[in-house]
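Remember, it's 1-based here, ligands and their atoms both numbered in the order they're listed.
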Amino acid sequence: MTKIEIVSGDITRLQVDVIVNAANSSLLGGGGVDGAIHRSAGSELFSACKLLNGCNAGEVKITPGFRLPSPYVIHTVGPVWKGGGNDENQTLASCYQKSLRLASENNLRTIAFPNISTGIYGFPKSLAAKIALETVRDYLANHIEIERVLFCCFDEENLALYKGAVSELVLFEKVVSEQDIILTSKLASIIWNEHYVPMIGQEQVDYMLSNLQSPEAIEKLINKEGYQYYIIYHHSEPSGYISIRQKGNDLFLSKFYLIREKRRTGLGREGMRFISLQARMLGLQRIFLTVNINNLNSIKAYKKLGFQIDSPVITQIGAGYIMDDYNMSLQLL
Ligand code: AR6
């Protein structure tokens, strides 16, 4: 399921399509991982780097790997830590994001990162690990072309931090395969049965599940109606799912469901952050949803996440069933 792996040791030994170098803005070599990469790749790498005209912090450039086992190297320049008030976090995130984008553009499917900026550049390791993992996780949610991402930890402290952080990482995986669709439908069945039966009764729940949440119905929503589904994994367990779609200038949040045992574990906030990110990436400033007026816990949870109630709305769902809902919306800042 997960494409993220934590490995220890020397990045210059890894057999992946591309390794990332934590370089400096001259791109002409240095100490740390940069020095190790230049030594293993040989002097041709230095010659290739001389032609690149340097690189700004947060940016990326690509060269062949020459004598390295990996055919390519992406050179990125991390931020120098100056206390945190100089956009260090954003610059570090940009290193990871732009490296992945460059890998995608070059059809490179497996990539290894060192712990950028956490050596000579002095970035706090725990914060750097969190930014690295979350940035990569968010990119992978929408880029199925990347097959494997290795975080290569050279020092024991980083290795322990990454192992801890990755086991807590909430993953959002895009629903693409038939298997994913079947899993989504199963999650729907669990969640509707535990959550909606007391609200709208078993009969209506059964009707909705077989008509609107069957694998065929979900497949149609994805392939014909422009919905994107993401399964939420927590501690490697499928824990819920999200379904979104652009409607005009807004993002329509069609489904945001968590199985009962995963509620009140912070997944709501994590999921909302992910949904807001999808809205921003589409250039949208507002998220809206409908929620059953008797679904008091969800209404409360959405309010806590910043949503407001706009108006009541009645939705016909077929076979004489209706849903008595509220429209709720969240304006993104
Ligand atoms: N494989 C994997 N990781 C390594 C290796 C290796 N062979 N060697 C060191 N590390 P740093 P920065 C880890 O200092 O902080 C250079 O001089 C190391 O444990 O290499 O981004 C450049 O030219 C640490 O966790 O990079 C720049 O001037 C991580 O790599 C400056 O350092 C990053 O440490 C960049 O500083």
Side-chain angles (χ1 to χ4, degrees), residues 4-43 45-63 65-84 86-100 102 110-133 135-136 148-166:
I4 296 177
E5 287 168 55
I6 312 302
V7 297
S8 70
D10 182 353
I11 201 167
T12 65
R13 303 287 169 88
L14 296 179
Q15 301 231 348
V16 284
D17 294 341
V18 57
I19 63 170
V20 176
N21 181 16
N24 59 61
S25 55
S26 77
L27 295 187
L28 298 179
V33 68
D34 194 7
I37 288 174
H38 274 271
R39 275 194 302 279
S40 300
S43 59
L45 180 60
F46 181 74
S47 308
C49 284
K50 275 206 289 199
L51 305 174
L52 295 177
N53 256 326
C55 182
N56 290 329
E59 297 296 326
V60 292
K61 301 236 168 133
I62 189 165
T63 64
F66 301 103
R67 286 179 224 170
L68 286 162
S70 58
Y72 291 93
V73 179
I74 289 174
H75 305 265
T76 188
V77 181
V80 178
W81 181 259
K82 292 181 183 153
N86 292 281
D87 286 339
E88 289 98 326
N89 293 5
Q90 290 84 337
T91 307
L92 187 65
S94 166
C95 292
Y96 285 94
Q97 204 196 8
K98 289 188 175 170
S99 295
L100 288 167
L102 196 54
T110 57
I111 180 167
F113 286 100
N115 310 135
I116 301 167
S117 282
T118 66
I120 296 164
Y121 282 181
F123 204 106
K125 289 181 179 174
S126 170
L127 179 59
K130 181 174 149 64
I131 292 170
L133 283 165
T135 305
V136 168
R148 257 175 102 207
V149 179
L150 306 186
F151 287 96
C152 179
C153 301
F154 196 65
D155 56 274
E156 288 299 322
E157 191 186 350
N158 265 317
L159 183 63
L161 282 169
Y162 269 80
K163 283 194 169 163
V166 80

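- The side chain to side chain donor-acceptor pair (under 3.5 Å) search around Ser26 returns Asn24, not counting sequence neighbours.
- By the criterion of a heavy-atom distance under 4.0 Å, the side chain of Asn158, and not its backbone, is placed next to ligand 1.
- Each of the atoms 21 (O), 22 (C), 26 (O), 35 (C) of ligand 1 lies under 4.0 Å from some heavy atom of Ala22.
- Using a 4.0 Å heavy-atom cutoff, Gly78 is absent from the residues neighbouring ligand 1.
- In this structure, the side chains of Phe123 and Pro79 come closer than 4.5 Å at one or more pairs of heavy atoms.
- Protein heavy atom closest to atom 19 (O) of ligand 1, with residue, atom name and distance, is Asp155 OD1, 2.9 Å.
- In this structure, atom 29 (C) of ligand 1 lies nearest to the protein heavy atom Asn115 O, 3.3 Å.
- Between Asp17 and Ile111, every side-chain heavy-atom pair lies at or beyond the 4.5 Å cut-off.
- Using a cut-off of 4.0 Å between Lys/Arg side-chain N and Asp/Glu carboxylate O, Lys98 and Glu59 are scored as salt-bridged.
- Summary of contacts: the protein heavy atom closest to atom 3 (N) of ligand 1 is Phe154 CB, 3.3 Å.
- From the protein, the heavy atom lying nearest to atom 24 (C) of ligand 1 is Thr118 OG1, 3.6 Å.
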Distance-only donor-acceptor hits, side chain of residues 48-56, under 3.5 Å, sequence neighbours excluded:
none

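- Counting the atoms of ligand 1 from 1 in the order shown, those under 4.0 Å from a heavy atom of Gly9 are 1 (N), 2 (C).
- Annotation: Tyr121 places an N or O atom under 3.5 Å from an N or O atom of ligand 1; distance criterion only.
- For the pair Cys152 and Val7, the minimum side-chain heavy-atom distance is below 4.5 Å.
- Assignment of Ser26 to the shell around ligand 1 is not supported, since no heavy atom sits closer than 4.0 Å.
- Summary of contacts: the protein heavy atom closest to atom 7 (N) of ligand 1 is Asp10 OD1, 2.9 Å.
- The shortest heavy-atom distance from Thr12 to ligand 1 is not under 4.0 Å.
- Looking at Ile120 and Asp34, their side chains never come closer than 4.5 Å, going by heavy atoms from C-beta outward.
- The side-chain heavy atoms of Tyr121 and Leu92, taken from C-beta on, include no pair separated by under 4.5 Å.
- Ile120 CD1, 3.2 Å is the protein heavy atom nearest to atom 32 (O) of ligand 1.
- The protein heavy atom nearest to atom 21 (O) of ligand 1 is Ser117 N, 2.8 Å.
- Counting only distance, with no hydrogens or angles, the side chain of Asp87 and the backbone of Gln90 share no donor-acceptor pair below 3.5 Å.
- Polar contact with ligand 1: present for Val33 (N/O pair, distance under 3.5 Å).
- Using a 4.0 Å cut-off to heavy atoms of Gly31, the atoms of ligand 1 that qualify are 16 (C), 17 (O).
- Open room surrounds OH on Tyr72; 12 or fewer heavy atoms of other groups in view lie less than 6.0 Å from it.
- What sits closest to atom 22 (C) of ligand 1 on the protein, heavy atoms only, is Asp34 OD2, 3.5 Å.
- Between the side chain of Ser40 and the backbone N or O of Ala36 there is at least one donor-acceptor pair closer than 3.5 Å.
- Considering backbone and side-chain N/O atoms, Ala36 never comes within less than 3.5 Å of an N/O atom of ligand 1.
- At least one N/O-N/O distance between Ile11 and ligand 1 falls below 3.5 Å.
- Between Phe46 and His38, the ring planes lie perpendicular to each other; the angle is over 60°, past the 30° to 60° tilted range.
- Of the N or O atoms in Gly119, one or more lie within a sub-3.5 Å distance of an N or O in ligand 1.
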